Amino acid sequence: MWSAGRGVAAGAALLGLLLGLLAPGSGATKSGAGLVTCGSVLKLFNTQHRVRLHSHDIKYGSGSGQQSVTGVEASDDANSYWRIRGDSKGGCPRGSPVRCGQAVRLTHVLTGKNLHTHHFPSPLSNNQEVSAFGEDGEGDDLDLWMVRCSGQHWERQAAVRFQHMGTSVFLSVTGEQYGSPIRGQLEVHGMPSANTHNTWKAMEGIFIKPSVDPSAGHDEL
């Protein structure tokens with residue numbers, strides 16, 4: 001059975017965050033090509049199954065019992081916003097371009113929990129469960145994901161992969177659909193190999209303009 005956690009009154013906080021980023025002098029932009037930067041708030045689009053990475057204050061009824069992570073088709077759902085952050089040591093200054101091969105945290109804006117995975121089976125496909133974990137953006141070392149891309153930096157028009165630093169799985173969708181209470185949403189899980197099910201693109205969001213010159217750093221998709 002699924003369980004709903006206590007509601008998080010964060011809609012106004014999200015709106016305030018986005019408006020703050022658009023304020024004069026904030027260095028934020030809503031559109032145009034460029035690089036994904038630390039501090040940006042965005043939605044992630046799975047290019048194979050055409051859903052956006054999503055979470056909500058509903059917990060898994062099996063496995064870890066942590067907050068569930070799914071994929072949704074809707075482009076206008078506020079529960080699909082994630083903020084790009086560094087590790088707990090602050091390795092991702094606001095406005096710095098995200099390097100290919102860099103470890104980041106993806107923090108769910110409305111609930112303050114981080115994208116997370118661990119050795120629990122996912123409910124539908126029996127792959128590795130992906131959840132949202134922590135409080136107010138702070139969790140543990142299993143919240144870190146390496147951005148796998150071609151070139152030096154994560155480009156907004158390019159497909160990338162997210163490989164978990166702790167277990168090496170790739171953030172994936174393979175099409176399994178949930179029933180009630182999140183009917184029609186797709187399971188998001190971790191898979192051991194890089195394939196067409198785990199490519200993602202940056203979509204809607206507020207992108208912080210680069211505050212530093214892009215530096216060297218390279219990994220392969």
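What you see is a predicted model; the values in this text were computed from it and never measured.
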Of all heavy-atom pairs linking Ile208 and Gly95, the shortest is CG2-CA, 3.7 Å

Kindly indicate, with the supporting measurements, whether the criterion side-chain contact (heavy atoms from CB on, under 4.5 Å) is fulfilled by Leu144 and Val104. CA-CA 6 Å; Leu144 291 174; Val104 299; over 6 Å; no

Side chain of Gln48, backbone of Asn195: donor and acceptor closer than 3.5 Å? no

Please assess Thr167 against Gln128 for the test side chain to side chain donor-acceptor pair (under 3.5 Å), listing each intermediate value before the final yes or no. CA-CA 10 Å; Thr167 65; Gln128 186 164 297; 2.9 Å; yes

We want to know whether Ser68 and His56 form a side-chain donor-acceptor pair, criterion being a heavy-atom distance below 3.5 angstrom. yes

So which atom in Gly175 and which in Leu186 form the shortest heavy-atom distance, rounded to 0.1 Å? O-CD2, 3.8 Å

Rounded distance [0.5 Å steps], CZ in Phe162 versus SG in Cys149: 8.5 Å

Report the C-alpha distance between Leu106 and Asn114 in whole Å, list the side-chain angles of each, state the deciding distance to 0.1 Å, and finish with yes or no for side-chain contact (heavy atoms from CB on, under 4.5 Å). CA-CA 6 Å; Leu106 299 171; Asn114 297 323; over 6 Å; no

From CA spacing to verdict: salt bridge (Lys or Arg N to Asp or Glu O under 4.0 Å), Glu138, Lys113: CA-CA 7 Å; Glu138 299 306 320; Lys113 297 183 184 297; over 6 Å; no

If I compare all heavy atoms of His108 with all of Asn79, which pair ends up nearest, and what's the gap? NE2-O, 2.7 Å

Hey, could you give me the CG/CG distance between Leu171 and Asn198, rounded to the nearest 0.5 Å? 8.0 Å

Would you please say whether a donor-acceptor pair under 3.5 Å links the side chains of His116 and Asp143? yes

Counting only N and O atoms by type, is there a donor-acceptor contact under 3.5 Å from the side chain of Trp82 to the main-chain atoms of Leu53? yes

Hydrogens and angles aside, do Glu129 and His118 bring a side-chain donor and acceptor to less than 3.5 Å of each other? yes

I need the minimum non-hydrogen distance between Leu35 and Arg156, along with the two atoms involved. O-CD, 3.6 Å

Heavy-atom closest pair, residues Arg105 and Gly137: NH1-O, 3.4 Å

So CE of Met146 and CZ of Arg148: to nearest 0.5 Å the spacing works out to 6.0 Å

Distance only, no hydrogens: is a donor on one side chain within 3.5 Å (strictly under) of an acceptor on the other, for Thr107 and Arg83? no

In plain terms, say whether Lys201 and Glu155 are close enough for a salt bridge, that is, a side-chain N and a carboxylate O under 4.0 Å apart. no

Is a side-chain N or O of Tyr60 found less than 3.5 angstrom from the main chain of Val130, in a donor-acceptor match? yes

Stepwise side-chain contact (heavy atoms from CB on, under 4.5 Å) check, Trp154 with Arg99: CA-CA 6 Å; Trp154 179 2; Arg99 303 183 308 275; over 6 Å; no

Just by distance, no angles: are the side chains of His54 and Ser80 close enough, under 3.5 Å, to form a donor-acceptor pair? yes

Looking at Arg52 and Glu204, is any side-chain nitrogen of the basic one under 4.0 Å from a carboxylate oxygen of the acidic one? yes

Donor-acceptor pair, distance only, cut-off 3.5 Å: does the side chain of Arg161 make one with the backbone of Thr199? no

Looking only at side chains, do Glu176 and Ser125 share a donor and an acceptor under 3.5 Å apart? no

Heavy atoms only: give me the nearest Asn46-His197 pair and the separation to one decimal. ND2-O, 3.0 Å

Taking the six-membered ring of Tyr178, is the NZ or CZ of Arg183 close enough (under 6.0 Å from the centre) and on axis enough (within 45°)? no

Phe170 and Trp145 aromatic centres sub-6.0 Å: no

What residue among Gln66, Lys59, Gln67 forms side chain to side chain donor-acceptor pair (under 3.5 Å) with Ser131? Gln66

To the nearest 0.5 Å, atom NZ of Lys43 lies from atom CE of Met203 at 9.5 Å

